[in-house]
There are 2 protein chains.
Amino acid sequence: MNNKEKLRNVGLRPTKQRMIIAKILLNGVNRHFTAENLQNEINSSGNSMSIATIYNCLKKFRNCGLIKQVESSKETAIFDTNINQHHHFLDEETGELIDIENEEINLFKLPEIPKGYVNSGVEVLIKLRRQI
Amino acid sequence: MNNKEKLRNVGLRPTKQRMIIAKILLNGVNRHFTAENLQNEINSSGNSMSIATIYNCLKKFRNCGLIKQVESSKETAIFDTNINQHHHFLDEETGELIDIENEEINLFKLPEIPKGYVNSGVEVLIKLRRQI
DNA sequence: TTTTTACTTTAAAATCGTTCTAAACTACTT
DNA sequence: AAGTAGTTTAGAACGATTTTAAAGTAAAAA
Ligand SMILES: [Mn+2]
Ligand SMILES: [Mn+2]
Ligand SMILES: [Zn+2]
Ligand SMILES: [Zn+2]
């Protein structure tokens with residue numbers, strides 16, 4: 001499926017700007033990135049895009065399930081092209097995230113889900129410090 | 001151990017402002033809160049404090065291990081008085097966090113820690129949606 | 001106890017990430 | 001082709017957090 005189809009599939013118009021972003025983000029190579037990271041990459045690909053458009057697109061892509069947003073206590077929003085349920089290592093010093101595939105962690109015992117709610121995803125974060 | 005001792009223990013001067021905050025946060029009742037939540041509580045206790053001081057103190061308290069900061073993709077930083085390793089339910093709609101005690105989750109299989117790093121804490125987040 | 005020193009608080013300004021506004025533009029429908 | 005709804009944009013606005021620099025306070029030294 002090409003990028004135009006991917007966008008249409010989720011109900012997004014394949015505008016020039018969304019196609020530029022899709023080309024960068026939906027190429028199958030998973031990554032974690034910020035809005036600013038993406039703008040730099042757009043710039044260095046010879047294109048340019050308003051930061052408002054980048055935020056608009058990222059929000060649409062996220063709400064349509066094309067990307068995810070990572071839970072992070074950093075100031076800046078971090079996005080993730082890996083939309084499968086998976087987990088992360090976090091280098092607490094640098095903020096770098098490393099994917100852990102879902103099968104690499106086994107949750108043996110889970111607590112009871114509160115009444116009236118359903119589990120909509122489990123994320124494990126393993127924080128890392130440099131060995132001394 | 002009283003609050004003055006708790007502050008001295010971690011190398012913080014027990015100033016008037018830090019004692020006010022300690023009285024609110026270090027009373028044994030665990031909670032999740034923002035800087036603004038805390039300022040409101042300070043105000044309604046008949047005191048007042050500059051927002052800069054509140055941020056200064058929260059950062060010091062966090063860096064000294066008296067409180068933790070939660071990994072959250074919300075705009076506003078969320079702090080936690082529960083400093084034991086534990087986990088959370090997250091109501092994705094409201095942002096509400098509910099503690100899950102460490103024993104309630106059993107991680108059966110863990111991935112290998114990357115070379116040169118040590119595990120400095122595991123956090124599980126269980127996202128919740130309202131049942132339809 | 002007084003003096004000195006380093007640390008802390010504060011209001012206000014600055015900064016930074018993100019969202020809003022409103023006008024111009026573009027994709028899709030008829 | 002014309003109409004309509006959705007999109008992009010620069011720039012303004014916003015909200016959370018940090019910085020500034022001056023005044024205040026706690027601890028250490030004398
Ligand atoms: Mn955050
Ligand atoms: Mn943010
Ligand atoms: Zn990831
Ligand atoms: Zn908690």
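A note on names: the letters A, B, ... follow the listed sequences, proteins ahead of strands, and every chain is numbered from 1. Computed over heavy atoms, backbone and side chain alike; hydrogens, waters and symmetry mates excluded.
Donor-acceptor pairing under 3.5 Å is lacking for the side chains of Glu36(B) and Thr76(B). No side-chain donor from either of Asn37(A) and His32(A) sits under 3.5 Å from a side-chain acceptor of the other.
Axis angle across the helix from dT1(C)-dA30(D) to dT30(C)-dA1(D), with five pairs used at each end and values rounded to 10°: 30°.
Residues of residues 39-72 of chain A having a heavy atom closer than 4.0 Å to DNA chain C, listed by number: Ala52(A), Tyr55(A), Lys59(A).
At whole-Å resolution of the value, CD in Gln17(A) and P in dC25(C) are 13 Å apart. If you measure from atom NZ of Lys74(B) to atom P of dG15(D), you get 15 Å, rounded to the nearest angstrom. As a whole-Å value, the separation of Leu38(A) CG from dG17(C) C1' is 15 Å. Rounded to whole Å, the distance from CD1 on Ile20(B) to C1' on dT9(C) is 12 Å. The separation between Arg18(A) atom CZ and dA27(C) atom P is 11 Å, rounded to whole Å.
Every residue was checked against the side chain to side chain donor-acceptor pair (under 3.5 Å) condition with Asn9(A), not counting sequence neighbours, and none meets it. Listed by chain and number, the residues in a salt bridge (charged side-chain N to carboxylate O under 4.0 Å, His left out) with Asp91(A) are Arg130(A) (sequence neighbours excluded). Scored by the side chain to side chain contact (heavy atoms under 4.5 Å, CB included) test, Asn102(B) finds Gln85(B), His87(B) as partners (sequence neighbours excluded). Residues satisfying the side chain to side chain contact (heavy atoms under 4.5 Å, CB included) test with Leu90(B), not counting sequence neighbours, are Glu71(A), Leu97(B), Leu125(B). Scored by the side chain to side chain contact (heavy atoms under 4.5 Å, CB included) test, Gln69(A) finds Arg62(A), Ala77(A), Phe79(A), Ser73(B) as partners (sequence neighbours excluded).
Within the structure, every pair that satisfies the side chain to side chain donor-acceptor pair (under 3.5 Å) test and touches residues 15-30 of chain A, not counting sequence neighbours, is listed here: Asn30(A)-Thr81(A). Residue pairs meeting the side chain to side chain donor-acceptor pair (under 3.5 Å) criterion with at least one member in residues 42-52 of chain A, sequence neighbours excluded, are Ser45(A)-Asn47(A).
Ile105(A) belongs to a hydrophobic cluster whose remaining members, ordered by chain and number, are Phe89(A), Ile98(A), Ile100(A), Leu107(A), Leu110(A), Ile113(A), Tyr117(A), Val122(A), Val124(A), Ile126(A), Leu128(A), Phe89(B), Ile98(B), Ile100(B), Ile105(B), Leu107(B), Leu110(B), Ile113(B), Tyr117(B), Val122(B), Val124(B), Ile126(B), Leu128(B); membership requires side-chain heavy atoms of ILVMFWY residues under 4.5 Å apart, directly or through intermediates. Cluster partners of Met1(A), using a side-chain heavy-atom cutoff of under 4.5 Å among ILVMFWY residues and allowing indirect links: none.
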Next item on the list: Summarise protein proximity over nucleotides 22-30 of chain D in one line of letters, 5' to 3': B for base, S for sugar-phosphate only, - for none, counting protein heavy atoms closer than 4.0 Å.
Entry: ----BS---
